[in-house]
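Just so it is clear: chains get the letters A, B, ... in the order the sequence lines come, proteins before strands, and each one is counted from 1. Just so it is clear, the values below take in all heavy atoms, side chains as well, and ignore hydrogens, waters and symmetry mates. Keep in mind that what you see is a predicted model, and the values were worked out from it rather than measured.
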Amino acid sequence: MVNPQMVMYEEEFNQIQAVVDRLVKEANAKVVFIVDKNGQLIAQSGDIENLDSTSLASLTAGNIAATGGMAKLLRENEFATQFHEGEKANIHIQLVGKRVILVVIFDARSSLGLVRLRVKKASEELNSIFEGLLRKVQEPGRDSPFAEITDEDIDNLFND
Amino acid sequence: MSFINYLSREINCKIVYYGPGLCGKTTNLQYIYNKTNPEAKGKMISLATETERTLFFDFLPLSLGEIRGFRTRFHLYTVPGQVFYDASRKLILKGVDGVVFVADSQIDRMDANVESLENLRTNLAEQGYSLDKLPYVVQYNKRDLPSVATLEEMRALLNPSQNVDFEAVATTGVGVFDTLKAVAKLVLTELRRGGGG
């Protein structure tokens, strides 16, 4: 079955951003970001100034997709956690509720144990926020903001 | 599956370029990348082998402008065309909003085109999509080469249901932006219909 459309509202975004901001502090992380499984960046926090987060988001989703493919071949449900250890930076990737991906980038100021611990708690919080969001999106009467666009609106995009 | 963000007032859509090996999917993206203003594009990522064959995917984020106060952003992906990378191709199709099928016009690649199109249908069906319902554009690439099939032959073989199609020479850019604009328009029109996933 095809997933329903992903929509982000201000209320849920603020809740998600609060979780992500807190995780940066509590895990002593450099950067924390959340991506949906299709590679769209949802929220980010920390030292993101010189980070190409769009590319990172797409590659993270590709990574999770590839690992998910391997899991399927091994008749595993999913590999929900991944850890990549570098010389200076480490990446911890956690699948949350089969829908979004929580990524924590950290260095020697933190540790895998601490990150794991904090990620576990944050995942639970995020899971319930996204479940609520999904219910909200599926409520009847929530029209797409694009329901009223005209052919002219679309054509205007391409008149350069 | 498009992603609408009310807070940043953005809409994100995913377009996948599909087709047989060496048909010019990556070349399409490279041309778009080279001809797009720096402020409208992100970095192009190519996960390729040492011989520059696509291994997993190419990725190019593009910003096309605003509609009713929403910024429209398109994420363009290519799949690896070589037959044995089928597992990877399936993954790239997840959450797709629109498909471009790039066909190789050379006569001796017709079997490969047909096989790839069949493979596209199968892989979409596995995810619960149907090519007949998705925004879909066909591109007949490499029209500049000798020994190419005629347009009529290619249409009969690869596009019997008469979807929007274009002749192209991706290396020089002929038809590249026409193809992109056409699929983007179809995706936005689908969003208006309340589709988009």
Under 4.5 Å from any heavy atom of chain B - which part of A:D153: both
Candidate pair B:Y6 and A:V7, rule side chain to side chain contact (heavy atoms under 4.5 Å, CB included), full reasoning: CA-CA 8 Å; B:Y6 281 87; A:V7 178; 3.2 Å; yes
Within one Ile-Leu-Val-Met-Phe-Trp-Tyr cluster: A:F33 and A:I16, side-chain cutoff 4.5 Å: no
Pairs satisfying salt bridge (Lys or Arg N to Asp or Glu O under 4.0 Å), at least one member in residues 66-76 of chain A, at least two apart: none
More than 12 heavy atoms of other groups within 6.0 Å of B:D111 CG: no
Proximity breakdown for B:E10 and chain A, heavy-atom pairs closer than 4.5 Å: neither
Any side-chain heavy-atom pair of A:M6 and B:N5 under 4.5 Å: no
ILVMFWY cluster, A:V31 and A:L59 together (side-chain gap under 4.5 Å): no
Connected via hydrophobic side-chain network under 4.5 Å: A:L95 and A:L126: no
Part of residues 62-70 of chain A lying next to chain B, heavy-atom separation under 4.5 Å: A:G62, A:A65, A:A66
Beyond-backbone contact of B:N12 with A:L41, side-chain heavy atoms, under 4.5 angstrom: no
Proximity breakdown for B:I92 and chain A, heavy-atom pairs closer than 4.5 Å: neither
B:F177, part contacting chain A, at a heavy-atom distance under 4.5 Å: neither
B:F57 side chain reached by A:S58 side chain, heavy atoms, under 4.5 Å: yes
Sequence-distant partners of B:T72, side chain to side chain contact (heavy atoms under 4.5 Å, CB included), two or more places apart: A:L157, B:I11, B:L64, B:I67, B:F74, B:L188
Cluster check A:V19, A:I105: I/L/V/M/F/W/Y, side chain < 4.5 angstrom: no
B:E39 atom CD, neighbour heavy-atom count above 12 within 6.0 Å: yes
Derivation of the side chain to side chain contact (heavy atoms under 4.5 Å, CB included) call for B:K43 and A:T54: CA-CA 8 Å; B:K43 200 185 270 177; A:T54 308; over 6 Å; no
Among the listed options B:H75, B:K94, B:K14, the residue most often paired with chain A at heavy-atom distances under 4.5 Å: B:H75
Interchain contact, A:D151 with chain B, by part (heavy-atom threshold 4.5 Å): both
Members of residues 106-123 of chain A whose heavy atoms come closer than 4.5 Å to chain B: none
Reported CG-to-CD1 distance for the pair A:D52 and B:I45, which is rounded to 0.5 angstrom: 6.5 Å
Separation of A:Q40 CD from B:I4 CD1 (nearest 0.5 Å): 11.5 Å
Neighbour count >12 (heavy atoms, 6.0 Å) for atom NZ, B:K142: yes
Contact class of B:F3 relative to chain A, heavy atoms under 4.5 angstrom: both
Single-linkage hydrophobic cluster, 4.5 Å side-chain cutoff, B:L76 and B:V183 together: yes
Neighbour count above 12 (heavy atom, 6.0 Å) for B:E126 CD: yes
